[in-house]
> 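The structure under discussion is supplied below as C-alpha cells; questions concerning it will follow.
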Number of protein chains: 2
Amino acid sequence: MEHHQTVTTVSKSMPDRAMLGVRQVLSRGETLYTEDDFAGDWFIVLSGVLRTCRYLPDGHRQVTGFFFPEDVFGLEAPTRRTSAEAVTEVVLMRYDRAFLDGDEEVSLPSLGHARHLLLGALDAAEGRIELLGLRSACERVAGFLLRMDSLMDADGYIFLPMGRADIADYLALTVETVSRTLSLLARRKLLSFRGPQRVLLVSRSQLEELAGGRPWSSPATIVQQNIAYTAQRDGPGHLRTNHYISH
Amino acid sequence: MEHHQTVTTVSKSMPDRAMLGVRQVLSRGETLYTEDDFAGDWFIVLSGVLRTCRYLPDGHRQVTGFFFPEDVFGLEAPTRRTSAEAVTEVVLMRYDRAFLDGDEEVSLPSLGHARHLLLGALDAAEGRIELLGLRSACERVAGFLLRMDSLMDADGYIFLPMGRADIADYLALTVETVSRTLSLLARRKLLSFRGPQRVLLVSRSQLEELAGGRPWSSPATIVQQNIAYTAQRDGPGHLRTNHYISH
DNA sequence: CGGTCTGTTGATACGTGTCAAATCACGTGG
DNA sequence: CCACGTGATTTGACACGTATCAACAGACCG
C-alpha cells in the first residue's frame with residue numbers, strides 16, 4: 001500500500017510555483033490542526049486514516065469525516081471548521097493554500113488538476129450528507145459499512161481502522177447503539193466478525209436495502225419493505241423482540 | 001432582489017469558450033432533473049429556492065440540500081446523485097459541464113473563478129454535514145433556523161420558503177417532530193411566529209447554544225449545559241414534563 | 001497478575017416515530 | 001367580503017428506537 005514513494009520527495013528544491021508539497025507523518029492520535037486555526041495549507045492522505053472533528057460546547061464530539069489514501073482535506077476557508085487527527089499512523093502531503101487561490105492552474109502529481117480534486121472532495125462530502133440523512137441506526141451503520149468497502153483485505157474482510165467511538169460520533173449515534181447494531185446485523189448473518197476490527201459483508205444486497213439502497217427513481221410504486229429490528233426472526237430462536245434482545 | 005439582469009442575456013452569440021450560461025426559469029414544484037440523469041450541466045441560482053432530493057426504496061424522501069441565490073449545484077460526476085426541484089419559482093443560470101472539465105480556466109460573471117466557486121460549494125456541503133451530525137431534534141432545528149438567517153426580512157423575521165415536510169426530510173426527522181420542536185422553541189420564547197412561514201429568532205444566543213454553538217476549541221473544560229426539553233421551566237407554569245406537554 | 005482501555009450486553013428512561021384528529025392558512029367561488 | 005374546501009400545520013396518544021447508566025468481558029501493557 002505504501003506507494004507514496006513516487007510522490008514524496010519533491011518540493012523545496014524548485015523555487016517556482018511548480019506545485020509541490022511537503023511530506024509529513026503523523027502518529028496515531030496526533031492532531032494535525034485544530035478548529036479555528038488559520039487554514040494555511042491543505043492535504044492529501046498518502047497512507048493511513050485521518051478524521052476531522054468538532055467539539056461541541058456540551059462536550060460531545062462530532063466526527064465530520066474520515067479520510068483515506070488519495071483523499072483531500074483541509075480545503076476550508078480562512079480558519080479551520082474542524083480539527084484533524086490521525087486515526088492510525090498517517091503519511092500525507094501538505095500543499096500551500098496559494099496553489100488553490102492563485103491564478104495559475106495547478107497540476108498535482110497523479111491527481112490531475114485542482115478542479116478535479118475539488119470535485120472529488122465535493123463528491124465525498126455529498127456522500128456523507130446522504131449517509132447522515134438516513135434515519136435509523138440500522139440504516140446508517142449499514143451505509144457506513146458499505147462505504148468502507150475499499151478497506152477490504154485479500155480475504156474479503158474489511159479492516160475497520162477506527163474505534164466504535166469514532167463510528168458513533170461520525171453517525172451521530174452512541175457507542176452502545178453502534179455496537180448493538182453491529183451485533184444485530186451479525187446475528188442476522190448480514191455480517192461476520194473476526195475480532196471487533198475485522199468484518200465481512202456477507203450480504204451486500206441486504207445491507208444496501210437497509211441503507212436506502214442503490215438510488216431509485218421517482219416518487220411512485222413504493223415497495224414497502226421496512227426492515228425494522230423486530231420485523232424478522234433471527235437465526236435459530238426467532239427472537240424478534242425489541243431492545244435488541246437475543247442470546 | 002432581481003439582479004439577474006446583469007448576468008442573463010449572454011451566451012450563444014459568442015462561439016468560443018467564453019464561459020457563458022443560459023438563463024432558465026422553473027415554476028414552483030417543477031423538477032429540473034432527476035436522480036441518475038446524465039449530468040450534463042451545472043447551475044447557479046439567481047432567485048428563488050431549490051432543493052435536491054433522493055427517493056429511497058422504502059418510500060422516504062431525503063432532502064440533501066436547499067439552494068438560494070448565488071448558490072451553485074449540480075456539480076456531480078457523470079450522473080445525478082439527486083433530483084433537483086423548485087421550492088419556489090426559481091430563476092437560474094445553466095452552464096455546460098465542459099467549462100469545468102476543460103483545461104481553460106473559467107471566469108464567471110460576478111462569482112470569480114471556477115475554483116472559488118467549487119470551494120464555496122464544498123464549504124456549504126460541510127456546513128450541512130455539521131448540521132446533520134447533531135443528535136437531537138432540538139439541536140438540528142435550531143441549527144437549521146440559524147442557517148436561514150440570510151432570509152431575514154426588513155422587520156427581522158425570517159421567511160421560510162419551504163414547508164415542514166421539506167425541513168423534516170432535510171433534517172432526517174418527521175414533520176410532526178419538526179412542528180413540535182418549533183412550537184416548543186416558541187413557547188420557550190426563543191422564537192416567535194407570525195404564521196407558519198414567518199419566524200423571528202428572539203434569542204440567537206440560546207439557539208446557538210442548542211445548535212452546538214459557535215465552535216469551541218479543545219476536549220477539555222467541559223461546561224455541562226445540556227438543555228433538554230425537560231431541563232427548563234416554560235414561561236408561566238413551569239411544565240417540564242416530557243412529551244412536549246405544555247398549554 | 002492487576003491495571004486500563006475498548007467493546008459488548010443488560011435494564012430502564014426518554015425522545016422521536018406513528019397513527020389519528022383537530023385546527024389553521026389560503027385559494028376559490030358565491 | 002365572506003363561506004367553503006383543500007391541503008398544510010399543529011396537537012394528542014401511544015409504541016418503538018435510541019440514549020443513558022451500569023456491569024461485564026476481552027485485549028493489551030506494565
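Residue numbers start from 1 in every chain, and the chains themselves are labelled A, B, ... in the order their sequence lines are given, proteins ahead of strands. The figures that follow rest on heavy atoms only: side chains count, while hydrogens, waters and symmetry mates do not. Keep in mind that this is a model prediction, so the values were computed, not measured.
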> Once you round it to whole Å, what is the distance between C1' of dC26(C) and CZ of Arg28(B)?
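Distance, rounded to whole Å: 11 Å.
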> So which nucleotide from dA20(C), dT9(D), dA19(D) ends up closest to the side chain of Arg164(B)?
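Looking only at heavy atoms from C-beta outward on Arg164(B), the closest nucleotide is dT9(D).
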> Over how many whole Å does the gap from Leu191(B) atom CG to dT9(D) atom P extend?
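That distance rounds to 16 Å.
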> Assess whether one donor atom and one acceptor atom, taken from the side chain of Gln197(B) and the base of dC26(C), lie less than 3.5 Å apart.
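Per atom types, no contact qualifies.
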> Between Asp169(A) and Arg54(A), is there a salt bridge with N-O shorter than 4.0 Å?
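No, no charged N to carboxylate O under 4.0 Å.
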> Measure CZ/Arg187(A) against P/dG10(C) and give the value in whole Å, please.
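The distance from CZ of Arg187(A) to P of dG10(C) comes to 8 Å, rounded to the nearest Å.
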> Heavy atoms under 4.0 Å, any strand shown: does Ser179(A) hit a base, just sugar-phosphate, or nothing?
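Touches a base.
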> Do Ile158(A) and Leu145(A) have side chains that approach each other closer than 4.5 Å (heavy atoms only, starting at C-beta)?
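In short, these two side chains do not touch, never coming nearer than 4.5 Å.
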> Expressed in angstrom and rounded to an integer, what is the separation of Leu184(B) atom CG from dT10(D) atom C1'?
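One finds 14 Å between C1' of dT10(D) and CG of Leu184(B), rounded.
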> Taking five pairs at each end, how big is the angle between the two axes of the helix from dC1(C)-dG30(D) to dG30(C)-dC1(D), to 10°?
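For the helix from dC1(C)-dG30(D) to dG30(C)-dC1(D), the axes at opposite ends meet at about 40°.
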> Answer yes or no: side-chain N or O of Arg180(B) and base N or O of dG15(C) forming a donor-acceptor pair under 3.5 Å.
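Checked by distance alone, the answer is no.
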> Can you establish whether the number of heavy atoms outside Arg28(B) located under 6.0 Å from its atom CZ is more than 12?
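No, because the 6.0 Å sphere around CZ of Arg28(B) holds 12 heavy atoms or fewer from other groups.
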> Without decimals, in angstroms, what is the distance between Arg140(B) CZ and dT18(D) C1'?
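Nearest whole value for this atom pair: 12 Å.
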> Would you kindly give the CG-to-C1' distance between Leu134(A) and dG17(C), to the nearest whole Å?
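Rounded to the whole Å, the gap is 16 Å.
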> Taking only residues two or more places apart in sequence, or in another chain, which ones meet Ala84(B) in a side chain to side chain contact (heavy atoms under 4.5 Å, CB included)?
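Here the qualifying residues are Leu32(B), Tyr33(B), Leu50(B), Thr52(B), Phe73(B).
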> Does the side chain of Asp37(B) reach to within under 4.5 Å of the side chain of Thr79(B), using non-hydrogen atoms?
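A side-chain contact under 4.5 Å is absent here.
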> I'd like to know if Arg135(B) reaches the base of dG15(C) with its side chain such that a donor and an acceptor end up less than 3.5 angstrom apart.
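Between dG15(C) and Arg135(B), which were checked side chain against base, a qualifying N/O pair under 3.5 Å is absent.
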> Looking for any heavy atom pair under 4.0 Å, which part of the strands does Leu182(A) touch: base, sugar-phosphate only, or nothing?
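Counting heavy atoms under 4.0 Å across all strands, no contact is made by Leu182(A).
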> Could you give all pairs that pass the ring pair (Phe, Tyr, Trp, His ring centres under 6.0 Å) test and reach residues 172-194 of chain A, with sequence neighbours left out?
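Qualifying pairs: none.
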> Keeping the roles fixed (side chain from Arg80(A), backbone from Gly74(A)), state whether a donor-acceptor pair exists under 3.5 Å.
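It does hold such a pair.
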> What residues form a side chain to side chain contact (heavy atoms under 4.5 Å, CB included) with Leu132(A), not counting sequence neighbours?
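Here the qualifying residues are Ile129(B), Leu132(B).
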> Would you jot down, in residue-number order, the residues of residues 150-160 of chain A having a non-hydrogen atom under 4.0 Å from DNA chain D?
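Result for residues 150-160 of chain A: none.
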> Strictly by ring pair (Phe, Tyr, Trp, His ring centres under 6.0 Å), give each pair with a member in residues 128-182 of chain B just once, sequence neighbours left out.
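Pairs touching residues 128-182 of chain B that pass the test: Phe66(B)-Tyr170(B), Phe144(B)-Tyr170(B).
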> Leu173(B) has an atom CG; how far is it from atom P of dT9(D), in whole Å?
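Distance, rounded to whole Å: 15 Å.
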> Would you say the side chains of Gln62(B) and Thr64(B) form a donor-acceptor pair under 3.5 Å?
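There is no such pair (donor and acceptor under 3.5 Å, judged by atom type) between the side chains of Gln62(B) and Thr64(B).
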> Would you indicate which nucleotide in dT9(C), dT16(C), dT11(D) comes nearest to any side-chain atom of Glu176(A)?
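Closest of the options to the side chain of Glu176(A): dT9(C).
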> Using only side-chain N and O atoms of Ser183(A), determine if any of them is under 4.0 Å from OP1 or OP2 of dT9(C).
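Indeed, a polar side-chain atom of Ser183(A) lies that close.
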> For Glu139(A) and dG17(C), give me the distance from atom CD to atom C1', rounded to whole Å.
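Value for this atom pair: 13 Å.
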> Does Thr174(A) place a side-chain N or O at less than 4.0 Å from the phosphate oxygens OP1/OP2 of dA19(D)?
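True: Thr174(A) side-chain N/O within range (under 4.0 Å) of dA19(D) OP1/OP2.
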